[in-house]
Structures are given as C-alpha cells and as structure tokens.
Amino acid sequence: MKVTFWLLDINSETANDSTELWLWGIDEKGNRVLVIDGSFVDYFYAVMAEGFDPSKVAEEIRKTHGTATVKLEVTERKLFGKTVQTVKVYCRNPAEKAKLARTLRNLEGIKDCLEDDIRLSMRYLIDNNVVPCAWHEVDADEEESTQRVRADKVYAAKSPPKLLEKSDVPSLRTLSFHMTCYSREGTPKPDRNPVIIISTAASTGEEKQFLPNTGNNDKALIQEFAAYVKKLDPDIIAGYGTNTLDWNYLRERCRTLGIKLDIDRACTEPHTSVYGHVSLTGMANIDIADFADRFPEVKVKTLWNLAEHLGVAKTSESTVIEDVDFADYWDDKQKRIALKQFSMDSARSVKGMVELLLDFAMQLSSLVSLPLDHVMTAAVGFRVEWFLIKHAQKIGELIPRRVEQPYRPYAGGLVLKPQAGLHENIAVLDFKSMYPNIMIAYNLSPDTYVSPKEPEPASGVFTAPEVKHRFRKSPPGFYKEILTYLIGVRGEIRDKMKKLNPEAVEYRVLDARQKAVKVITNAAYGYAGWIGARWYIKPVAEAASAWGRHTIQTAISMAERAGLKVVYGDTDSLFVTYDEKKTRELEKEIEKELGLDVERGEVYVRIFFTEAKKRYAGLRQDGSLDIVGLEVIRGDWAEVAKNVQEHVLEIILKEKSAEKAVSYVQSVVDELKQRKVPFRDLIIWKTLTKPVDEYAVKASHVEAAKALKNKGWRLAVGDKVGYIISTGEGKLYDRAKPHVFATIDDADVDYYISKQVVPAAARVLEFFGVSEEDLLKTATQKKQAAKSLMEFMK
DNA sequence: GCAATCGTGCTACCG
DNA sequence: ACCGGTAGCACGATTGCG
C-alpha cells in the first residue's frame, strides 16, 4: 500500500547483522507513523591511487575483507572537481564502517577512503532524497504489532520513500515546559536538589503544573510528568535551555531517585546525540535557547528577554524571579504562589516562542536536510555544509574529510574612513548579496580553482585582482550552481508572497522558507574561508574578498566621477550625498560596468559620524534613528550610559542642539549622584569566553564570576555575567560585584558618571565642542558653558 | 620616582 | 567550531623626564 507521511525524526537501529532505518512521521489522517526501511546498505568510497586498476583493487578488498563487505562497485566520482576512480565499499556493519575504511587506507592502490565519516541516518536521507520536515510517499506493508513503540501505525517500507511536492505542514502536537529546582547552595545539583515545579503548556491549550506531593519530595512529581508526556504523546517537546540543562538534570535526578524517564516514542530515555543536542527518539526536542542567536539585538539571552523581544510576554520588575531567589520564594507560603505563577508563565512564553519560531526551524531543516531537533543546535558552518553535502551527492562530488588546517589569515572587506561630523541628505548604496554574486560571477568554487602549478584550462580563467588566484570560467562550479539556485528560489518565494495575504498560513511558511534560504546564501562566503570546512580552499574566500574590494573601489571612482560625494563605505556599501537623478544613474552604471546589482538602501535626512569606522547614527525619513556600532547597541555598557547616548543622539539629529543635549546629560549625572536611577540600569553584562582560571589578566566580569562560583553558582563558557562596580578600594576588578549580590547603595556612582555616562555622551558631543569636563560641570557653571557653546555652533 | 605612553588582552560590534 | 576589519576599555609594563 501507499503511505503518505511527513518526516519528523529519523534514527537507525542495528542488531544482529540487520540494519534498519526508522522514519518517524505523521500521515495525512494525523496518525503518528513509523516507517521501517531495512534494505539500505551503508558504504564508503575507496579512492584509487594514480595508475591502479579499481577492479583489481576491488578484487583484493574482496579477498582480504570479504566478510566485512556486502558488495563492491567500481565507480567514477569527482574530488575537488577532478575525476577519480573509486571502489564503493558496502559494509555489513555500519558501526564497523570507519574502522574498515581506516584499514583499507593502508591497502596498496588505495589513496584514501572517503565518506566513512557520514553517519548512517544522514547517509540515508542524502542518498534517497528523503527530506526532514517534508512529505513523502512510500510503498509499504503495515505491520501487525506496534508494541515496541508508541505509534499509531508501523510500516515496513518496500522501497525508499519518494519526496512529494506538498509544502503544507501537518498539525503538530507540541508540549512546552519549564522546570524549577530547589537549592539553597547556588546552582541546583541533581544528586541532592529536588525539582519543585514543572509547568507545561500544550498546543492543545491544556496547561498543567506538577508539584511535590509532600515537602520537597519530587519522585512522584517527575513520574507524573513522565506519565503525562507519554499520555499526551507530543511531536515536539520544547523548553528554554533544555539541551544544556533541564534534560541532563532530569536524567541525573531520575538516576538518583531510581526511576526511569522512558518518555520517547521508542520507550527509551532522552539521550545526548553525537552532535551535542539531546534527542528523544520519534519526536523532536526543541530548545528555544538555540534560536537566540537569530536575535543579536537581545544581548542577555534569557527566556524572558527573548520572550519580551518577540512580543509573547510582557515583563515588568515583578514578573521575573531570579534563580537566586527561588528557594526563598518556595519556602514562603505567600511568595510560593508567585513562584508557581512565574513557572507557568515561563512555560507559556516558551509555547509562544515555539509558535513564532518553529516555522523557520522546519524550513531550515528541510532546506539543509538536518533533522528538526538537530538543525538549530548545529552551528552555521555545519548547516551550510550539510546543504553542500546534499548537492555534492547529486553531482557525483565526493565529500572530503575534515582535515586539520593551519590558520592563515587573509585580507577581507574594505572600510572607508568616515567624514566625521553631521551630514544632511545621505543615501546608502548597497551591493545586493555581494559575496554570493561575486562567487557566481567569477565561478569561485573549490572545484573550479586552478592552482599555480596547473596549466590554464581550455575554458580560460578568471583571475582575481591583487591576489591573482585563478578559477576556470566553465563549466560552472558547485558553489555557483548552489548560489544561483538559492538566489533564484528566494526570488520565486518572495514573488509568491507578494500575491498572498500576510496573515495567511502559507505566507508565514513561505516567509520562514525565504529566511532559511537567505541564511544559507549569506553564510556561504564565511564557510569558504572556514578552516574547519570540508571544502576549505583559502583562495576561494580570498578571491571573493579581493573582488569585493575591487568592486567597491570601482564604485567609489564612478560615484565621484558622477559628482556624488562619498562620505563613508564598508565592504559592500557606499554612503553618498543624495541626488535622486545622479544616484539612479550611478546605480545603473555600476550594474552595467560590474555586473552586480546595486540597491538603494536607507536615505538619511541627517547622519552623524565619529572619526571611527563602523560607528554612526542616522535620522531616517520616518523620524526613527538608525544607530550602528555605538555604545547604544553594545551589550557591554550599562543601560544608563546607553540611554543617555541614545537621547543625546536624538537631540543632536533632530534638533541639532548640543546645548539641550548637554543639560540633559547633566541632569542624568545629577540623578546618578543621588542614586535616583533604577539599579538594573547600572548592571554591566559581559560574556565569559573561557573558564575563569584561564584568563591572562584580571577583569571585572571574571572576578564577578569567581564570586558567583564561590557561592555555588555554576557558570559555563558563553554565559553572561552581570556585575556592578561598587564603592571601595582598589582596581575596578576588585570592586566588581555580581548584580544578584548587590543593591543600588553599593554602586560607585562616580565610576558610572566618569566612565560610563560621560564618555558615552562625549563620544557624540565632542564633535560639537563639548568636552567631558563640560559635562561634569555643576549647575551653576552650566550657563557659561551654554554660552560658549552657542558661539561654537555659529 | 612617577606620570604619561604603549602594547596586550578582551569583548562586541559591522558587513 | 562562518570570515576579516574595527573600536575602545582596563591592565600592566615600559618609557621619558631630568
């Protein structure tokens, strides 16, 4: 019979010489199905050394390793664009694949073995064009018993599933949860601290809260939660920070309590996958924290900061309860109510974020072919790589092994020195997707690179400026094909979207799709220059940036020839004096001359540059500010300083009144002196980028981290540490206090005035004749300062 | 002997 | 575990003055 299903998860099961691929999905009727394919045979390639006959080598392999192999095939493949002879070695046991490949590398006539590092489940997806988060049709027989697993139907596939065009998404059951643990000694430890609350919010609308029956006894709590998960049988289980914290905690806690957390669809426990995320067989475990890097404007990546940014929760001082206070809240009858509410609200926020973000994850998953639970935990480089791998398989290009490479830097984009001060009426010209389009235009690819020792191919070559790397003109390289496809597809999607109502489900799905496509397109250049890349060829990235510099240089000359003044530029953008007719002509001329599309970006009514590159603030025509690079948008400055700078910029750009800005700054300084600012506006957040004892120098955030650790708080690399500078003796790092252990009365307001607020304000105001000293002047001195300022402005 | 200067480490930004 | 270019702070060693 034919079964149509949408693929949610895949895993492989190997037992007694048989290997099965388990495809978990949902059929058109909403049944949860498991399709088992036992016919796939894992393999790798043995690449022949120069001058060896593959059939003879195959014979030798058969003789020496016949029992480990099922079948041997002589085939031709390509490696970095060059044809190679190979023997495809089918393995009896997938677990022994890498070992067999290692042995065969030493066999005479074999230069190398490749693709033994591709895991079976990925191999299956790639080879059969089976795609996660997409519909397939499979010819299969229904199995009688579904006892081993939690599924409505189990099928045995008679052949691999076929991908269908159908682009809708079935209705998925999701369960969002939030877990709270009790500890009076810092970060809770699963061997001694209980779980006190688990709140859940399901897509069905059902909400639950699991609490200890008596005291802090959490055994029944966890068992009830586990039973509920099994009963609800969600397709997606989501939380915040669950990949790094909750699942491990629950697993450890269950071990301590002697209970089994067999909640997944194969009735096994959550397991840490080789890729680092936690996997629940047959369902998708989603950690919303893994989506946080899509929102760089959220500096401190907490559940609540992200939820508020996404508009799924409104936070106020009272909503959020800090981890340090959990135990106090729990132990106080009145406050416990608030803690329970907080937990429930957290689960609801997770649910809200899932609803907003899942579309993107599913589209990215199907685009790059990584299963849904893995795609968001995978780093950008790996997402690009899996997309490349899928295409490589189609065109017969072998997947290179990841080899350790020495780091060799190369020159990147060109950044112009800005014309400092205020400018009126400035337009930005941007090259559209400059690097991808350069790679397409000059056929830059790992498989088109012509090394210096090679003769020029018949097609001729493109030679990059400055660096002189050569790339054959034809046939098209594999990056060119991929990038052309991605850019084309994104255009098609966006055209389709224009005809749809933005409220429609289809519009949302398409929007998620085009975002996923854009992410991969934009990361291709970075991938090319990444030493960890399987297809790393430094000249590819180096040539792309060299052509980029050449492109922008040429555009600058053309702009100046056209009589447009260039006030700034960075990599693929030019800031020019705006003249409707001249810029339009320039855009056309650039496109004709360079073959790259230019689009007019922002047109600023007024823009302010400091002398520094990559830092400016512009006033848009709609009255909003566009602030770039300055303290306002940095996460490592105290909020009080950022607010002041933002307000100063607004006054300068809208009213051009340095005088007004100065008195505003002075008013904030006064408030600070009286400690009349919210405490949280004094917190400085910095990331721990390595373990605390590996720092070469003493630093405030590291000292604050040490203080937290001393009180039992577990801090991981990548965590943000919030601290304030307190009054007292010594260096700044001696006076840094974790914000959770401090109050406004501890704060050294002089530090905040002289090292935060005033420098941030002066960064802007010094271009209007205002010094840091002017900003520190008292009220009586203000009038004098204002007078001389008015002279200056004239 | 001490303040000014400079190099280094570090973080977070831009495109 | 995507690239290079860049700013700017704190720290701590070095320099320069006399």
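Reckoned from all heavy atoms, side chains included, excluding hydrogens, waters and symmetry mates.
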Does a side-chain N or O from [X] land closer than 4.0 Å to OP1 or OP2 of [N], or not?
X: A/Thr687; N: B/dA12; answer: yes
X: A/Lys698; N: C/dC11; answer: no
X: A/Tyr616; N: C/dT6; answer: no
X: A/Arg383; N: C/dC2; answer: no
X: A/Lys299; N: B/dC13; answer: yes

Given [options], which nucleotide is nearest the side-chain atoms of [X]?
X: A/Tyr695; options: C/dA10, B/dG15, B/dT11; result: B/dT11
X: A/Phe382; options: B/dT11, C/dC9, C/dC2; result: C/dC2
X: A/Lys614; options: B/dA12, C/dG5, C/dA1; result: C/dG5
X: A/Arg763; options: B/dG9, C/dC9, B/dC13; result: C/dC9
X: A/Lys613; options: B/dT11, C/dT6, C/dC11; result: C/dT6
X: A/Arg634; options: C/dC2, B/dC13, C/dG8; result: B/dC13

For atom [atom1] of [X] and atom [atom2] of [N], their distance in whole Å:
X: A/Arg549; N: C/dG4; atom1: CZ; atom2: P; answer: 12 Å
X: A/Trp386; N: C/dC2; atom1: CH2; atom2: C1'; answer: 17 Å
X: A/Trp637; N: C/dC9; atom1: CH2; atom2: P; answer: 5 Å

> Sub-3.5 Å donor-acceptor pair from the side chain of A/His391 to the main-chain atoms of A/Phe478, do we have one?
Replying inline: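 Not at all, since once roles are kept as given, no pair shorter than 3.5 Å links the two residues.
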>> Would you call the rings of A/His374 and A/His277 parallel, tilted or perpendicular, taking 30° and 60° as the class edges?
In response: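 Rings of A/His374 and A/His277: parallel, under 30°.
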>> Does any part of the side chain of A/Asp570, heavy atoms only, come nearer than 4.5 Å to the side chain of A/Tyr568, both counted from C-beta?
In response: yes
>> Does any part of the side chain of A/Ile556, heavy atoms only, come nearer than 4.5 Å to the side chain of A/Glu560, both counted from C-beta?
In response: yes
> How many angstroms lie between CH2 in A/Trp713 and CZ in A/Phe741, if you round to the nearest 0.5 Å?
Replying inline: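 Reported to 0.5 Å precision, the distance equals 7.0 Å.
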